[in-house]
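Reading through the structure tokens given below for one structure.
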Amino acid sequence: MFKGSITDVPGIKVGHSEIKEGLTGVTVILPPEGTVAGVDVRGAAPGTRETDLLKPENTVQGVNAIFLSGGSAYGLAVGDGIMKALEERGIGLDVVVAQVPIVAGAVIFDLTTGDPKIRPGAKEGYQAVVNAKEETAQGLVGAGLGASVGKYKGLDYAMKSGLGTASMKVGDLVVGALVITNAFGDIYDARNNEKIAGAYDREKKSFINTRQALFNQEGRNFIGGNTTIACLATNGKFNKAQCQKIAGMAHNGYARSIFPVHTANDGDTIFCLATGQVEADVSLVGAMATEVISQAIYNSVAVHNCGGLPGRESLE
């Protein structure tokens, strides 16, 4: 059943780089050679790189790296550093005259959490590749450093969140997820629908009923500083269209754990990597992906106060 990390999928490595004074960072997921990739974007305000390349009808089948970054659109620059680091290692698509690393990714808006003038770029992307290993931390690390949730009434009521990861095994089949939870909505424990993080009244020390406030149109503050981004990995054998379907099913994990989700102020995106070691069924892996996404979101809010925002682990 549930285990620790996306790196429980054989061959997957994860690296992080942070700019602590800016409360921002980048996380890179490095798959083994021959990994196939897909993506499903549901939020209406995405910041992404190379997602068109991952459409099933397009030529390139896989990627050499997936990044999840802070810095809003500025954070897309981390891809340049990731490409440089991979090129130096001889990793990439052979186009005869060069090895071109295929690097896809997505960003969150975290400019209001730390210093908006400090954003991850090529240097941090390069360092994340250097730091990659077959295990990963979670919480206030990498792209999770600047994440927050529960912003219906603005940042004065938001809570701190971060990076979460989880995995699940059925026989020889492994599915793992890594999530940066930076949602406009509140976060729920998918097992019992209990709110565990979100819009929070710091004076009253209690959660705000966002659902009621939303439907009553009370105190709306639809800021754009959001987006939950994730990367799935499995050792199952799938093509691009099947990876896209699995990523689409995995958005059910978002829906189980975040409300409201996929709003006009979120750029919610899920990538899926298939390393191809085990014959597997799309529906089974999609169901497993839903579970590990929910668990990773749950793990991502197990953080302490940071950047002036209360964390779930510090609530009285």
Next item on the list: List the atom of S5, the atom of S167, and the distance in Å for their closest heavy-atom pair.
Entry: O-CB, 3.2 Å
Check: When you look at L273 and I29, which way does the side-chain contact (heavy atoms from CB on, under 4.5 Å) test go after all the steps?
Finding: CA-CA 10 Å; L273 301 171; I29 301 94; 3.8 Å; yes
Check: Would you say E57 has more than 12 foreign heavy atoms packed within less than 6.0 Å of its CD?
Finding: yes
Item checked: Salt-bridge present (R191, D189; N to O < 4.0 Å) -> yes
Next item on the list: Indicate yes or no: at least one non-hydrogen side-chain atom of S148 is less than 4.5 angstrom from one of N182.
Entry: yes
Notebook entry, point to check: Regarding K151 and N226, is there a side-chain donor-to-acceptor distance under 3.5 Å anywhere?
Noted result: yes
Item checked: Heavy-atom side-chain contact between E194 and Y188 under 4.5 Å -> no
Notebook entry, point to check: Within 45 degrees of the axis of the six-membered ring of F259 and under 6.0 Å from its centre: does R211 put its NZ or CZ there?
Noted result: yes
Checklist line | Nearest heavy-atom neighbours spanning A177 and T165 | finding: O-OG1, 2.8 Å
Checklist line | L145: hydrophobic cluster co-members (side-chain, 4.5 Å) | finding: L23, L140, V303
Notebook entry, point to check: Is any side-chain N of the basic residue among R42 and D268 closer than 4.0 Å to the acidic one's carboxylate O?
Noted result: no
Next item on the list: Look at the side chain of T113 and the backbone N and O of G146, then say whether any donor-acceptor pair between them is shorter than 3.5 Å.
Entry: yes
Next item on the list: Would you verify whether the NZ or CZ of R312 falls within 45 degrees of the ring axis of F207 while also being under 6.0 Å from that six-membered ring's centre?
Entry: no
Notebook entry, point to check: So, K160 and E313, do they make that salt bridge, N to O below 4.0 Å?
Noted result: no
Notebook entry, point to check: If two hydrophobic side chains count as joined below 4.5 Å and joins carry through other members, does V36 share a cluster with I102?
Noted result: no
Checklist line | F271 vs L232 side-chain heavy atoms within contact, under 4.5 Å | finding: no
Checklist line | Under 3.5 Å donor-acceptor, Q212 side chain and N209 backbone | finding: no
Check: Would you say the side-chain atoms of S294 and S257 include a donor-acceptor pair closer than 3.5 Å?
Finding: yes
Next item on the list: If a pair satisfies side-chain hydrogen bond (donor to acceptor under 3.5 Å, both in side chains) and one of its residues is in residues 58-76, list it, with sequence neighbours excluded.
Entry: none
Notebook entry, point to check: Got V179 and I229 here, is their nearest side-chain heavy-atom distance under 4.5 Å?
Noted result: no
Next item on the list: Check whether any side-chain heavy atom of T269 sits under 4.5 Å from a side-chain heavy atom of V39, and report yes or no.
Entry: yes
Check: Given side chains that start at C-beta, do those of V26 and H16 come closer than 4.5 Å, heavy atoms only?
Finding: no
Note to self: With rounding to the nearest 0.5 angstrom, report the CD1 to CD distance, I12 to E134.
What the structure shows: 9.5 Å
Check: How many angstroms lie between atom CD of Q99 and atom CG of D94, to the nearest 0.5 angstrom?
Finding: 4.5 Å
Margin query: Set out, in order, the CA-CA distance, both residues' side-chain angles and the distance that settles side-chain contact (heavy atoms from CB on, under 4.5 Å) for I180 and S300, then state yes or no.
Written below: CA-CA 7 Å; I180 309 298; S300 73; over 6 Å; no
Next item on the list: Mind checking the CG-NZ spacing from L86 to K84? Nearest 0.5 Å is all I need.
Entry: 12.5 Å
Item checked: Spacing of Q244 atom CD and T51 atom OG1 [to the nearest 0.5 Å] -> 10.5 Å
Check: Are L163 and V129 connected, step by step, through hydrophobic side chains (Ile, Leu, Val, Met, Phe, Trp, Tyr) whose heavy atoms are closer than 4.5 Å?
Finding: yes
Checklist line | Sidechain-backbone polar pair: E18 side chain, G142 backbone, donor-acceptor under 3.5 Å | finding: yes
Next item on the list: Measure the NZ-CD distance between K55 and E50 for me, rounded to the nearest 0.5 Å.
Entry: 12.5 Å
Next item on the list: Work out which heavy atom in A296 is nearest to a heavy atom in A166; give both atom names and the distance.
Entry: N-CB, 4.0 Å
Margin query: Closer than 3.5 angstrom, by distance alone: can the side chain of Q138 be matched with the main-chain N or O of T136 as a donor-acceptor pair?
Written below: no
Check: Taking it one step at a time, do E124 and I19 satisfy side-chain contact (heavy atoms from CB on, under 4.5 Å)?
Finding: CA-CA 8 Å; E124 287 70 37; I19 310 176; 3.7 Å; yes
Margin query: Please determine whether side-chain contact (heavy atoms from CB on, under 4.5 Å) holds for the pair V174 and T234, giving the CA-CA distance in whole Å, both sets of side-chain angles, and the decisive distance to 0.1 Å.
Written below: CA-CA 6 Å; V174 185; T234 177; 5.9 Å; no
Item checked: Donor-acceptor under 3.5 Å (T7 side chain, K13 main chain) -> no
Checklist line | Exercise: identify the closest heavy-atom pair between E21 and I118 | finding: CG-CD1, 3.9 Å
Margin query: Less than 4.5 Å apart, side chain to side chain, heavy atoms only: is that true for K153 and I208?
Written below: yes
Notebook entry, point to check: Does some side-chain heavy atom of C231 sit less than 4.5 Å from a side-chain heavy atom of I270?
Noted result: no
Margin query: Do T263 and D266 pair up side chain to side chain, a donor and an acceptor below 3.5 Å, judged on atom types alone?
Written below: yes
Note to self: With a 4.5 Å cut-off on side-chain heavy-atom distances among I, L, V, M, F, W and Y, is there a chain of contacts connecting V292 to I196?
What the structure shows: yes
Next item on the list: Looking only at non-hydrogen atoms, find the nearest pair between C243 and G38 and report the distance.
Entry: CB-N, 3.6 Å
Check: Should T210 and D186 be marked as a side-chain hydrogen bond (donor to acceptor under 3.5 Å, both in side chains) after you check the CA-CA gap, both sets of side-chain angles, and the distance that decides it?
Finding: CA-CA 8 Å; T210 301; D186 296 335; 2.6 Å; yes
Check: Distance from L68 atom CG to I108 atom CD1, nearest 0.5 Å?
Finding: 9.0 Å
Side-chain donor-acceptor contacts of residues 278-289 below 3.5 Å, not counting sequence neighbours, with atom names and distances?
{"residue": "D281", "atom": "OD2", "partner": "S283", "partner atom": "N", "Å": "3.0"}
{"residue": "D281", "atom": "OD2", "partner": "L284", "partner atom": "N", "Å": "2.9"}

Next item on the list: List the atom of A122, the atom of D80, and the distance in Å for their closest heavy-atom pair.
Entry: CB-CB, 4.3 Å
Next item on the list: Classify the angle between the aromatic ring planes of F184 and Y152 as parallel (below 30°), tilted (30 to 60°) or perpendicular (above 60°).
Entry: perpendicular
Notebook entry, point to check: When you look at NZ of K240, are more than 12 heavy atoms from neighbouring residues, nucleotides or ligands closer to it than 6.0 Å?
Noted result: yes
Note to self: Is it the case that the side chain of T181 and the backbone of T228 share a donor-acceptor pair, with hydrogens and angles ignored and the cut-off at 3.5 Å?
What the structure shows: no
Next item on the list: Compute whether any side-chain donor of one residue and acceptor of the other, for T24 and D110, lie under 3.5 angstrom apart.
Entry: yes
Notebook entry, point to check: Do you reckon I293 sits in the same ILVMFWY cluster as V170, going by side-chain contacts under 4.5 Å, direct or chained?
Noted result: yes
Check: When clusters are formed by joining ILVMFWY residues with side-chain heavy atoms under 4.5 Å apart, either directly or through shared neighbours, do L309 and V301 land in the same one?
Finding: no
